[in-house]
Participant: 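There's a structure below that I have some questions on.
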There are 2 protein chains.
Amino acid sequence: MTTASKPRTAAKIPMRDFSQSLPMSLLRTRESVMRHFRPSLRAHDLTEQQWRILRALAASGEIEVTELARVAFLLGPSLSRILRDLEGRRLIERRLLKADLRRSIVSITSKGLKLIEAVAPTSEAIYAEMTKRFGARKLSDLQALLHELEAALLAMPAADGADGDDTGE
Amino acid sequence: MTTASKPRTAAKIPMRDFSQSLPMSLLRTRESVMRHFRPSLRAHDLTEQQWRILRALAASGEIEVTELARVAFLLGPSLSRILRDLEGRRLIERRLLKADLRRSIVSITSKGLKLIEAVAPTSEAIYAEMTKRFGARKLSDLQALLHELEAALLAMPAADGADGDDTGE
DNA sequence: GCAAAGTGATTAACATGTTAAATTGTTGCG
DNA sequence: CGCAACAATTTAACATGTTAATCACTTTGC
């Protein structure tokens, strides 16, 4: 090791080892997964989010923007920018809903579908290799736990920013 | 025209249900966790990344920038910007290493420590509530699987962008 | 010693995350 | 009808993610 300076910041408050916090674990694991997919996406000039959108469109056909945001797990503003770009590249199309001109319907073009078909095999191969290395059983256990945790936290009321250190309202 | 409003885009390539892909699961779960922590951080004018840096510094004392980037799981450019900001707020300090003027050592200030002490109780309380709702055993099972997967993927060679559709080189 | 190669950190440039505000269109109601 | 409240989407503004380039400094080989 390099100069091991004393961990002179013995926090008075005992906090979980930072590197083992749940958000960090989830972040690191996700990155270790994405690291394998990014090169293939990049070879086709796609970012991870653009790929999510194309995948979602291929799976659901026509879909409204708000619903697409929910499915692809993107916030409205991000989605708005990305759709503008993908539309410019003719990978998706938009049309207004006659019944409500505020809404628009997004769909993937045949060019977009071709792109998916070009990327999917590599993507699936990587996923298969991951499954093989990690174990199909453990993978499905992991998925189950992730979903359970998500459900448990959804049911947990969101605390506001009040701390108790403040003087109160 | 609009590629018809066919019911679905029956992809020729069978891909895993998009919403169940591992990266999506990890992303959604992480977000469901962070959703509970963000209000408290925000109440103290801290972003998630700034908090990670302060936590890392509190845990490790003095540390070089590169090592801090590794521990806090941030890329150099992000870290560089955030450190500039945190230094401006007097939450951290930097000093050059005499032995190598390219490097600098970062440490948390007493003001930074006080901020941590102000946030930590709420943070720990939230974590405790999560553990209670999800179950300590399942939480530790999940952590173990996450680490195992991370390790398995670290050992997996990173494929480059070659697809087979390209002419290759 | 010194020029070339290497390393740590920052800057640049562009995409996305995130919250707030603006825009445009719809609806409900007097 | 006319207008206030509401809703879907986009724009704005700023922070971070991401890759490439740059800057400053160090090491290496001659």
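All figures in this text were calculated on a predicted structure; none of them were measured in a lab. Labels below follow one simple rule: chain letters A, B, ... track the order of the sequence lines, proteins then strands, and each chain is numbered from 1.
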Participant: Using whole Å, report how far NZ of A/Lys98 lies from C1' of C/dT26.
Facilitator: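 For the pair A/Lys98 NZ and C/dT26 C1', the rounded distance is 18 Å.
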Participant: I'd like to check B/Leu41 versus B/Thr47 (side-chain heavy atoms, cut-off strictly below 4.5 Å). Are they in contact?
Facilitator: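 A side-chain contact under 4.5 Å is absent here.
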Participant: What is the distance, to the nearest angstrom, from the CZ atom on B/Arg102 to the C1' atom on D/dT22?
Facilitator: 15 Å
Participant: Separation of A/Leu101 atom CG from D/dA7 atom P, in whole Å?
Facilitator: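 In whole Å, D/dA7 P and A/Leu101 CG are 18 Å from each other.
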Participant: Any chance you could pull the hydrophobic cluster mates of A/Leu75, using side-chain heavy atoms under 4.5 angstrom and chaining through other members?
Facilitator: none
Participant: May I ask you to list the residues sharing a hydrophobic cluster with A/Leu101, side-chain cutoff 4.5 Å, ordered by chain and number?
Facilitator: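 Taking Ile, Leu, Val, Met, Phe, Trp and Tyr as members, A/Leu101 shares its hydrophobic cluster with A/Leu96.
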Participant: Once each nucleotide of nucleotides 11-18 of chain D is scored for protein heavy atoms under 4.0 Å, what B/S/- sequence comes out, 5' to 3'?
Facilitator: BBB-SBBB
Participant: More 5' along DNA chain C: B/Ile105 or A/Ala99, using each one's nearest nucleotide?
Facilitator: B/Ile105
Participant: Please confirm whether the shortest side-chain N or O distance from A/Arg94 to OP1 or OP2 of D/dA8 is below 4.0 Å.
Facilitator: no
Participant: Strictly below 4.0 Å, N to O, side chains only: are A/Glu31 and A/Arg38 in salt-bridge contact?
Facilitator: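 Result for this pair is yes, salt bridge flagged.
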Participant: For the helix from C/dG1-D/dC30 to C/dG30-D/dC1, figure out the bend between the end axes, five pairs an end, and round to 10 degrees.
Facilitator: 10°
Participant: Would you indicate whether the side-chain heavy atoms of A/Arg28 and B/His147 approach each other to under 4.5 Å?
Facilitator: yes
Participant: Between atom CG in A/Asp100 and atom C1' in C/dG28, what is the gap in whole Å?
Facilitator: 15 Å
Participant: I want to check something: taking the side chain as every heavy atom from C-beta on, are B/Leu153 and A/Arg133 in contact at a cut-off of under 4.5 Å?
Facilitator: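 SC-SC contact between B/Leu153 and A/Arg133 ruled out.
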Participant: Is the base of D/dA8 touched by the side chain of A/Arg103 through a donor-acceptor pair closer than 3.5 angstrom?
Facilitator: no
Participant: Rounded off to whole Å, could you give me the CD-to-C1' distance for the A/Glu67 and D/dA7 pair?
Facilitator: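 Rounded to the whole Å, the gap is 16 Å.
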Participant: Does B/Arg94 pair with B/Glu62 as a salt bridge, N-O distance under 4.0 Å?
Facilitator: no
Participant: What residue pairs, at least two apart or across chains, pass salt bridge (charged side-chain N to carboxylate O under 4.0 Å, His left out) with a residue in residues 104-113 of chain A?
Facilitator: none
Participant: Other than A/Leu97, what residues sit in its cluster of Ile, Leu, Val, Met, Phe, Trp and Tyr side chains whose heavy atoms are under 4.5 Å apart, directly or through others?
Facilitator: A/Ile105
